[in-house]
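Accompanying notes for the structure given below.
Note on naming: letters A, B, ... go to the chains in the order of the sequence lines (proteins, then strands), and numbering restarts at 1 for each one.
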Amino acid sequence: MFKKYFREIEFCTYCPKMCKFSCPVGNASGVESYTPWGRMTLLHMVREGILDFNREIAYTMYQCAGCLLCREYCDHLIEVPPVMIAAREMAVGEQKEPWEVVEFLKFWKQHHNPFGDNLGARVRTLLPDNYFNKDAQVVYLPGAGHIYNNPSVIQDTFKLFEAMDVDYVACYDGEPMDCGSVLRELGLRKEYEANAKKLVDKIGRCKVVISGSPAAVYELKVEFDQMGLKVPPKIFHISEFLWPMVKAGKFDVRKQFPQRVMYHDADYLGRYLGVYDEPRSMLGAVLREAPVEFSRHREKADSCGVGGGLPITNPDLAKAIAKARLEEFYESDATALAVACPDAQRIFQSVDDNIEVLDVINILARCI
Amino acid sequence: MTSRFKGNVELFHRLKEIFGANRVRHTSVETLLYAQDISPKSLIERRAGKTPPAADFIVRPVAVEEVSRLMRVADRWRIPILPYGAGTSRRGSVAAIEGGIVCDMKLMNRVLSVDDESLIVSAQAGILGEHLEHELNRKGFTLGHFPWNFQASTLGGWVATRSAGEAFTKYGGIENMVVSMQAVLPDGSIVKTRTAPRSATGPDFNRLLVGSEGAIAIMTRIKLRIHIFYPRQFHVAFRFKKFADGAEAVRKILHKGLRPATVHLFDKEETAKFFADSKLRLSGNLLMAVFDGKKSRAEMESEVAARIFQESGGESRGEQPSQYRMQHRFSRVFRNSPAFSQPGGIHDAIEVGAPWSCVNAVYAKMVKALGKRFELSTFLNRPTPHGAVLTFTASTKAVKESDEQLLLKLWQRAGKAAAAGGGALLHTSGVGLQSAEAFAQDLGPTHGWLKDFKAQIDPKRILNPGKLGL
């Protein structure tokens with residue numbers, strides 16, 4: 001990894017911490033070693049033989065939310081998260097990973113997803129049988145987070161399909177149900193690749209895959225592809241799939257959504273996949289006024305702290321980041337927070353269950 | 001040097017009582033990281049695999065009372081306290097030469113109040129500069145303080161190092177912004193200076209603490225003057241045949257009473273470097289000015305400035321160069337990484353302050369002294385009616401000398417050339433450890449007064465020992 005990421009480690013080590021202010025983990029913890037500069041400088045010292053790659057340094061490599069916000073403020077466009085993931089793989093290889101990762105792996109081996117329960121069985125209880133077709137060419141891959149935490153998004157997605165006369169999309173209900181992004185983020189490469197191959201065995205034959213989970217879309221579209229797996233030729237986030245139809249007038253807005261809504265850009269959907277306009281446009285179709293924007297939005301949106309496996313390795317810090325993001329929501333006149341990511345929805349709701357956090361799909365479905 | 005406090009269990013438990021286990025750290029991984037700053041000297045040492053002297057503990061207070069209790073512990077144990085903001089000193093200000101406890105202020109990072117009637121903000125010292133300005137902008141205000149490390153420095157760091165930003169011409173340095181502050185003295189007492197627009201009663205204690213580099217007190221809360229934020233800016237850019245002509249044009253607009261927020265006069269080398277990645281085809285000595293504030297006034301000022309620049313021999317280049325510069329204003333700092341990543345490469349910025357009568361002489365002498373040995377580019381900035389700052393960016397690859405020798409040579413040559421031209425080195429980012437000797441020489445006998453004052457207020461030399469030559 002030191003050879004592969006030589007430039008990244010060098011440039012960050014000698015940088016006067018220009019992205020420091022943007023790092024959600026650094027900001028929430030106040031710990032210097034948790035900033036991009038801190039983590040990369042530690043790797044530099046390991047590379048130069050000044051420090052051993054011990055458990056403490058390994059743990060520090062896990063203090064990254066993988067949000068990519070640091071890249072947005074870097075003239076050299078350095079991407080820190082891939083370096084952290086490589087360092088985590090090294091930690092796992094040397095059996096220096098935090099105990100939380102060890103425990104997570106045990107859990108994963110038992111359930112094949114981060115939530116427990118049989119998610120495939122759960123999905124089948126959500127929709128009528130006719131929505132499942134193993135031979136379908138166009139498949140909706142439910143996000144594991146949606147299945148476990150907010151299954152109404154899956155039901156509402158098919159309500160919207162019906163409303164727009166989309167009758168060719170079938171719901172996936174096989175095993176595995178999870179794309180395994182958390183495995184990759186935690187440095188569990190072997191298990192990640194095994195899971196990826198299994199998933200591609202099931203859906204690789206499809207022509208189109210749609211998902212409400214930005215992480216799933218990213219894994220299929222970018223990571224699986226880079227692994228050389230045969231992924232479906234077209235992979236969309238649900239907002240990318242639906243917006244052209246909404247725009248074409250196939251969605252009949254019976255009633256407008258009555259609340260003021262603020263929209264949060266999820267890390268994977270935004271900075272990883274570059275999808276910013278579609279969720280906003282969909283909201284625009286049903287809201288009385290344009291969604292309220294955070295002062296830092298789109299490419300510069302602050303993270304909600306749910307990425308990078310942080311809720312597993314440092315849940316308190318992950319929640320502190322989500323809480324910090326919500327401060328501006330509290331100050332605004334919005335009464336609902338819209339997201340287009342099951343993980344963002346989960347973490348926001350976990351820090352404050354008094355606020356209404358809705359998926360964009362839920363909002364649209366309420367306007368049919 | 002091994003600190004006498006390393007592994008001191010009793011002290012560790014005492015600190016845990018104050019801060020809780022989560023906010024006390026002591027491992028060598030952490031302490032070594034906190035000892036690193038980003039001065040060229042430190043970066044050269046880092047490249048050579050050398051490690052700086054590190055502290056024994058790191059604590060992260062969340063309240064002024066905790067800082068006060070920490071001081072009392074330090075007093076009892078006679079252990080140094082090293083106030084820490086973002087750790088972006090360029091002068092070795094975070095080096096723990098006698099070990100000690102790093103007091104990382106970054107969890108004291110809140111904007112406490114914005115008095116929109118008096119235009120005063122109250123904020124905790126550990127807030128990062130960018131966060132403070134962002135919060136103010138959201139509420140319709142600006143501090144107007146944009147030092148080179150704006151994105152990676154704290155309010156406390158700004159005040160402690162008497163920093164000045166690129167909008168100095170209009171908004172002044174941090175010393176002009178401070179209204180009052182709360183600070184903790186080495187005996188643990190919490191002091192507050194008075195919040196008044198101005199006071200005629202005795203010495204100004206704010207001024208005593210501004211620039212004190214954590215050697216006299218730890219600032220915990222600061223009240224600052226703020227301004228109405230007008231997002232619209234008016235940009236002008238003019239090309240001059242000679243650097244001196246551009247400098248003269250700047251002097252003229254300031255003497256006419258115009259107050260641009262920022263003024264930058266790039267010499268042709270700086271223009272070539274700065275705009276290398278832009279689509280704008282620019283060359284020569286480029287003068288750029290930004291006017292902000294109420295639209296009617298800012299627009300009018302920019303028009304008057306443009307007319308004077310033209311009359312002074314400038315050739316208009318429109319608004320784009322200045323807009324581009326504003327958008328990429330911190331890009332110069334990013335040159336650090338590629339420079340130091342090369343074996344033997346060094347990169348440093350030397351700032352020289354000069355009255356207008358000496359600006360051209362300083363520029364000429366510095367270019368002559370450094371231009372052959374170093375890859376040099378220069379820009380004039382932060383002008384006032386009385387003078388300006390010339391920033392010389394020098395980089396090179398070491399050939400015969402060691403990196404340290406080369407860096408020393410750079411500063412020695414610069415010091416002589418600046419003095420010969422009638423200017424003075426400004427020791428950017430404060431004095432710290434690395435400029436302590438030069439600072440003491442500059443001050444002459446008055447450095448002794450400073451030492452006496454330090455001895456009175458901090459008899460056990462607890463606070464940031466060695467910095468400011470104290």
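Residues of residues 322-339 of chain A having a heavy atom under 4.5 Å from any heavy atom of chain B, listed by number: A:E327, A:E328, A:E331. Scanning residues 91-105 of chain A against chain B with a 4.5 Å non-hydrogen threshold yields no residues. Residues of residues 1-20 of chain A lying under 4.5 angstrom from chain B, judged on non-hydrogen atoms, are A:E10, A:F11, A:T13, A:Y14, A:C15, A:P16, A:K17, A:M18, A:K20 in numerical order. Contacts between residues 31-44 of chain A and chain B, defined by a heavy-atom separation under 4.5 Å, are made by A:V31, A:E32, A:S33, A:Y34, A:W37, A:G38, A:T41, A:L42, A:H44.
Side chains of A:N27 and B:N109 form no contact here, defined as non-hydrogen atoms less than 4.5 Å apart. At a threshold of 4.5 Å between non-hydrogen side-chain atoms, the residues A:D75 and B:D277 do not count as touching. Residues A:M45 and B:V29 form no side-chain contact, since every pair of their non-hydrogen atoms from C-beta on lies 4.5 Å or further apart.
If you tally non-hydrogen atom pairs under 4.5 Å between each of B:N149, B:T88, B:I58 and chain A, the highest count goes to B:T88. When each of A:G26, A:S29, A:S22 is scored by its heavy-atom pairs under 4.5 Å with chain B, the top score falls to A:S29. Of the listed residues (B:N137, B:N336, B:D37), the greatest number of heavy-atom pairs within a distance under 4.5 Å of chain A belongs to B:N336. By number of non-hydrogen pairs under 4.5 angstrom with chain A, the leading residue of B:K50, B:R23, B:M105, B:H134 is B:H134.
Using a 4.5 Å cut-off between heavy atoms, B:R25 touches chain A through its side chain atoms alone. Of the atoms belonging to B:L33, heavy atoms from both backbone and side chain fall under 4.5 Å from chain A. Only the side chain of B:Y84 comes within less than 4.5 Å of a heavy atom in chain A; its backbone stays farther off. Heavy atoms closer than 4.5 Å to chain A are found in the side chain of B:T51, but not in its backbone. For B:A86, the parts sitting under 4.5 Å from any heavy atom of chain A are the backbone and the side chain alike. Using a 4.5 Å cut-off between heavy atoms, B:Y34 touches chain A through its side chain atoms alone. When heavy atoms are compared at a cutoff of 4.5 Å, B:L43 approaches chain A by way of both its backbone and its side chain. Contacts between A:D52 and chain B at a heavy-atom distance below 4.5 Å are absent for every atom of the residue.
No more than 12 heavy atoms of other residues, nucleotides or ligands sit less than 6.0 Å from atom CG of B:N22. Other residues, nucleotides and ligands contribute only 12 or fewer heavy atoms inside 6.0 Å of the CD atom of B:E375. Within a 6.0 Å radius of CZ in B:R110, no more than 12 heavy atoms belonging to other residues, nucleotides or ligands are found.
Of all heavy-atom pairs between B:R138 and A:S295, the closest is CD-OG, 3.4 Å. Residues B:S337 and A:H76 share a closest heavy-atom pair of CB-NE2, 4.1 Å.
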